[in-house]
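Written out below as structure tokens is the structure these notes cover.
Chain A is the first sequence line, chain B the second, and so forth, proteins listed ahead of strands; every chain is numbered from 1. These values consider heavy atoms only, across backbone and side chains, with no hydrogens, waters or symmetry-generated copies.
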Amino acid sequence: MDALLKEDESLKTTDSGAELKEKNAQSQQDLQEDQGVQSASDCLPDRSDDGNEAMLGSWSGVTPPTISMIDVISDKLTDASKLIEDSTLDLSTKFRDLASGANKQADTVQRVIEKASTLKVDGEDISMLEFSDIFNESLVDAIEKVLHISKLAISMVYSLDDAIEAIKDIEKFNERIQGINKQTNLLSLNATIEAARAGEAGRGFAVVSDEVRHVSKEINDLSMEMSDKIGQVGNSVRSGYKTLQEVATTDMSGSIRAKDTLDALMAALITQTDEFKEILGGAAQDSIETSTIISNMIVGMQFQDKTTQYIDNSVLALSEISSALAQLKKNTESNIGSNNEDQEVQKALIENITSKLQLSEFKQGYNKDLVARGVLCSSLLEDEPEEDDIELF
Amino acid sequence: MELRQEITSGAAKFFLKGKFTFSDHELFREIINLIKDGAVSSIVMDFEEVNFIDSAGLGMILIAKEESDKKNCSVILKGAKGQIEKMFKVSKFDTLFTIK
């Protein structure tokens, strides 16, 4: 603005540029002559009515490029707003994808752990623990069967014992029969002797006595056979004992070892399951934490909303300023008359502002827009040396 | 094995010693007969000094259970240790008998 004022001083009248410069130099000289004392009236421009009108007129001459620059800047701001909005949207989407990715990972860990602890058997999913239980049951089942058979075998042994007892009794009876038979034989012998003594009268008796001896012999033979048979039964029973011993006897030590192994397996499975649960818990926790962080990030990006509104509001204000300036120019012109719009002044004004811009990408776009609005001649577009190496974009 | 018994007013205690196998079936019959006769209402079998038992031995204990159930006689298995204790566990004897 200071530069603008300086230039305005020399535009008091409708003098040419050279003359103006001369006048400027003159007043500068005056200033230098009065080193110590400077009265205000010497430094300030002529405050005559003509002077004021002229000043206003020239001010209004500068207004068009000013308005254009404001409009261009407005556009640039709108571009900036759009850039923020688009970028923020893009980031939001990417964050959401990130979150969903993290969740998928947790799910994958879960599935791996589930797969690791189940087996597919006959089309059914069986967990390791169930497997162990099934094994255990099978073992107990097998043992129970063995014990049952042993029990039955021992029962049979006891039944055989009872049979042996009965057979012993039968043997005793047999002996008694033989005893009785012996007696019978003796008696018949006696009878035969008595019959012989009786002579003729005892002949019938002798016959009977003979028959009795026959019968006795038969009984004896039968008795012997019975003894044999009893002996055979005894042998059969004794061999039965041997068989039953084999049936009843199973060394169960192997079962104990199997049970111990199973118990160890169970314990190991439980430990593993616990470890898996811990890992899962950790993964779930990580997933939650990631989700929280991402949610916070998305919330954090709400700055975009405010920023956009700030910019939009700024654009509105600039638009109003632009319109106000235009109106002011119109009023000034209609009251005072339009001024010869001094190209040199305008150029100086524009150059001064443009020189302040730092981003060459921005500067070039800015100048292009001004040319498009007919504010600048394309010849005034200077080819800026490429300084992009310095700027980080 | 060796078998020693102590009977006091309807309660019988049997102390088994050594290996309990098939060849002890005659000896064990004594216990079975005692139960069958209804002479006792409770039986304690002490396995403290038994160092081995096979399926025959276990089968005999099961027969004792069968007979004692018929006569409402209680059966307690006492002092089992080491291999005997493991055998009782594996055979689920704790579900059938009082184990001490």
Side-chain angles (χ1 to χ4, degrees), chain A residues 132-169 234 237-267, chain B residues 1 3 14 16 18-37 43 45 47 50-71 75 77 80-97 99:
Chain A
S132 171
D133 280 343
I134 291 170
F135 244 59
N136 222 15
E137 269 179 55
S138 303
L139 184 67
V140 167
D141 209 41
I143 289 170
E144 276 176 5
K145 284 192 167 65
V146 167
L147 291 189
H148 188 62
I149 289 169
S150 290
K151 173 166 159 256
L152 291 174
I154 304 282
S155 286
M156 243 191 122
V157 166
Y158 287 162
S159 298
L160 285 178
D161 283 346
D162 294 342
I164 296 276
E165 282 305 305
I167 284 169
K168 280 192 182 142
D169 290 341
V237 167
R238 265 180 287 281
S239 76
Y241 273 143
K242 281 197 112 168
T243 308
L244 284 170
Q245 175 162 22
E246 263 196 68
V247 171
T249 305
T250 305
D251 188 339
M252 309 290 282
S253 311
S255 303
I256 295 177
R257 274 195 296 279
K259 180 82 170 47
D260 284 345
T261 307
L262 262 178
D263 287 344
L265 178 67
M266 264 290 240
Chain B
M1 72 170 174
L3 185 65
F14 293 95
L16 293 77
K19 286 189 176 25
F20 190 1
T21 62
F22 178 85
S23 41
D24 300 310
H25 66 86
E26 230 176 283
L27 201 58
F28 198 80
R29 196 88 197 259
E30 286 178 35
I31 301 178
I32 301 291
N33 288 338
L34 209 65
I35 300 172
K36 269 183 152 159
D37 292 341
I43 288 192
M45 288 196 244
F47 292 86
V50 177
N51 57 23
F52 180 84
I53 188 167
D54 60 12
S55 68
L58 294 164
M60 281 183 243
I61 299 174
L62 287 172
I63 292 176
K65 166 104 173 96
E66 207 176 49
E67 294 302 327
S68 64
D69 281 350
K70 287 183 197 164
K71 295 284 182 186
V75 178
L77 308 179
K81 51 188 208 260
Q83 199 243 14
I84 313 299
E85 190 182 11
K86 280 190 177 171
M87 272 320 308
F88 284 178
K89 241 179 145 191
V90 150
S91 316
K92 300 261 178 187
F93 267 22
D94 52 337
T95 60
L96 298 167
F97 302 90
I99 310 250

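A salt bridge links B:Glu67 with B:Lys70: the distance from a Lys NZ or Arg NE/NH1/NH2 to an Asp or Glu carboxylate oxygen falls below 4.0 Å.
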| request: I would like to know whether A:Lys168 and A:Ile164 meet side chain to side chain contact (heavy atoms under 4.5 Å, CB included); could you show each step before the answer? | output: CA-CA 6 Å; A:Lys168 280 192 182 142; A:Ile164 296 276; 4.1 Å; yes
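Contacts of B:Ile32 with chain A are made by side-chain atoms alone, with heavy-atom separations under 4.5 Å and no backbone atom involved. For B:Thr21, no part sits under 4.5 Å from any heavy atom of chain A, backbone or side chain. For B:Phe28, the parts lying near chain A are the backbone and the side chain together; criterion is any non-hydrogen pair under 4.5 Å. The part of A:Asp260 that comes within reach of chain B is its side chain, from C-beta onward, which places non-hydrogen atoms under 4.5 angstrom from that chain. Residue A:Ile154 touches chain B through both its backbone and its side chain, counting heavy-atom pairs closer than 4.5 Å.
Between chain B and the options A:Ser155, A:Ala153, A:Ala248, heavy-atom pairs under 4.5 Å are most frequent for A:Ala248. No other option in B:Lys92, B:Met87, B:Met60 has as many heavy-atom pairs under 4.5 Å with chain A as B:Met87. For chain B, the option among A:Glu144, A:Met252, A:Gln245, A:Lys259 with the highest count of heavy-atom pairs below 4.5 Å is A:Gln245.
Residues satisfying the salt bridge (charged side-chain N to carboxylate O under 4.0 Å, His left out) criterion with A:Lys145, sequence neighbours excluded, are A:Asp141. Residues forming a salt bridge (charged side-chain N to carboxylate O under 4.0 Å, His left out) with A:Asp133 (at least two apart in sequence, or on another chain): none.
Expressed to the nearest 0.5 Å, how far CZ of A:Phe135 lies from CG of A:Leu262 amounts to 6.5 Å.
In this structure, B:Phe88 has its ring center under 6.0 Å from that of B:Phe47.
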